[in-house]
Amino acid sequence: ELPEVTIVRPDNPAELELTYRNLSSCDVTVYRIDLMKFSLLRQNLGAITDINLAGIRPFHQQQIQLGDGLDYRDMTREMNLPLKQEGAYLVVVRGQDRYASGLVLVSPLKLEVQEDAQSGRVRATVRDVKQDRYVHDVHVKIIGSRNAEFVSGETDLRGLFVADAIQGESMVIAQADQEVDGKLPLHFRYAGSYPGGGLPGKIFAGGMVGRYGGGKKSCRCNEQYHAG
């Protein structure tokens, strides 16, 4: 098993905890994915680990030795992955006939979401935690589970974007393409969701998100998708 979502800030090591039992080794494959493209295709991030990866070139591959394969109890192992560039990565681990997957997000951005379930208003604020400031001109898309189309726009000088008439469980995506403190352009895709009814979900890249089942899940890999 892998954590469903792991948040990594730039310049920090990308470490994931792998839980396994009775495996002597496993193969780790990492794919760089486009969350914006996936969200526009599905209008839902609940099946992000169900992407069909056939034909997509891996970003990184490695084999990890786990022991003699005679554990007979759950064991854990920290995996350190070479994920330095900001973006989203799907990590797939296979051992014998078992496999699991998890999403890794590398970014300095934090998405803070507030929702008024009665009015359907969703407020999304984007902040750069590394520079401790809000980010303007970030493109934001918001859609509810009972909406047919996204509500889109840019954050203002406060880093805020507001969407109205959002019905059901909402999904919020923010994408920034701009220079930060004179450095190379920041190209980041954040994806999250916020459960209807105003109840907080779990932390997802610093934003509040709803649950789509358990905190850990396996990859069935049955949704056709091509990473751009």
Side-chain angles (χ1 to χ4, degrees), residues 1-35 38-39 42 44-108 110 129 189-193 195 199-227:
E1 290 184 339
L2 289 174
E4 188 176 11
V5 179
T6 301
I7 311 304
V8 178
R9 299 305 181 192
D11 301 327
N12 290 344
E15 298 178 339
L16 283 77
E17 183 177 85
L18 172 67
T19 302
Y20 64 95
R21 176 184 293 189
N22 298 334
L23 290 176
S24 60
S25 66
C26 66
D27 296 313
V28 181
T29 308
V30 181
Y31 300 88
R32 185 175 171 86
I33 63 174
D34 188 331
L35 284 184
F38 181 86
S39 63
R42 289 292 305 275
N44 187 306
L45 290 172
I48 187 64
T49 56
D50 294 350
I51 296 173
N52 183 353
L53 300 169
I56 300 177
R57 178 179 298 178
F59 177 84
H60 171 74
Q61 291 178 293
Q62 70 181 85
Q63 185 177 77
I64 298 178
Q65 299 300 318
L66 300 175
D68 58 12
L70 301 175
D71 307 306
Y72 302 108
R73 61 186 178 90
D74 287 345
M75 306 289 290
T76 60
R77 170 74 176 269
E78 288 290 335
M79 300 191 304
N80 197 320
L81 302 176
L83 308 181
K84 304 297 184 182
Q85 186 177 0
E86 294 171 13
Y89 302 84
L90 184 64
V91 180
V92 180
V93 178
R94 291 183 173 86
Q96 297 179 1
D97 60 345
R98 286 165 283 180
Y99 55 90
S101 66
L103 184 68
V104 178
L105 298 178
V106 181
S107 175
K110 178 179 180 180
V129 297
R189 290 168 171 82
Y190 168 90
S193 62
L199 298 176
K202 61 181 178 178
I203 298 298
F204 190 48
M208 302 305 297
V209 303
R211 294 186 180 274
Y212 291 94
K216 299 179 180 179
K217 61 192 298 186
S218 298
C219 175
R220 294 186 296 275
C221 301
N222 58 8
E223 177 65 32
Q224 187 64 41
Y225 168 86
H226 296 283

Excluding sequence neighbours, so at least two apart, what forms salt bridge (charged side-chain N to carboxylate O under 4.0 Å, His left out) with D97?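 None.
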Residues two or more places apart in sequence or in another chain: which of them pass salt bridge (charged side-chain N to carboxylate O under 4.0 Å, His left out) with R21?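 Testing R21 for salt bridge (charged side-chain N to carboxylate O under 4.0 Å, His left out), a comparison that skips the adjacent residues, returns D74.
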Distance check, rounded to the nearest 0.5 Å: [X] atom [atom1] versus [Y] atom [atom2]?
X   : Y   : atom1 : atom2 : result
L83 : L16 : CG    : CG    : 8.0 Å
I33 : I56 : CD1   : CD1   : 9.0 Å
C26 : Q63 : SG    : CD    : 8.0 Å
R77 : L23 : CZ    : CG    : 12.5 Å

Under the side chain to side chain donor-acceptor pair (under 3.5 Å) test, residues paired with [X] that sit two or more places apart:
X   : value
E78 : none
N12 : none
Q96 : R98

With a 4.5 Å heavy-atom cut-off, do E17 and E15 have their side chains touching?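 No, their side chains stay 4.5 Å or more apart.
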With heavy-atom distances below 4.5 Å as the criterion, would you say the side chains of V28 and L81 are in contact?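 Touching, per the 4.5 Å side-chain cut-off.
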Where [X] and [Y] come nearest, the two heavy atoms and their spacing:
X    : Y    : answer
P108 : R9   : C-NH1, 3.8 Å
E86  : S107 : CG-CA, 4.3 Å
V93  : M79  : CG2-CE, 4.2 Å
L2   : V91  : CD1-O, 3.8 Å

For [X], check side-chain contact (heavy atoms from CB on, under 4.5 Å) against everything at least two apart and list the hits.
X   : value
Q85 : R32, Y89
S24 : none
D71 : Y20, N22, D68, M75
P58 : T29, Y31, Q61

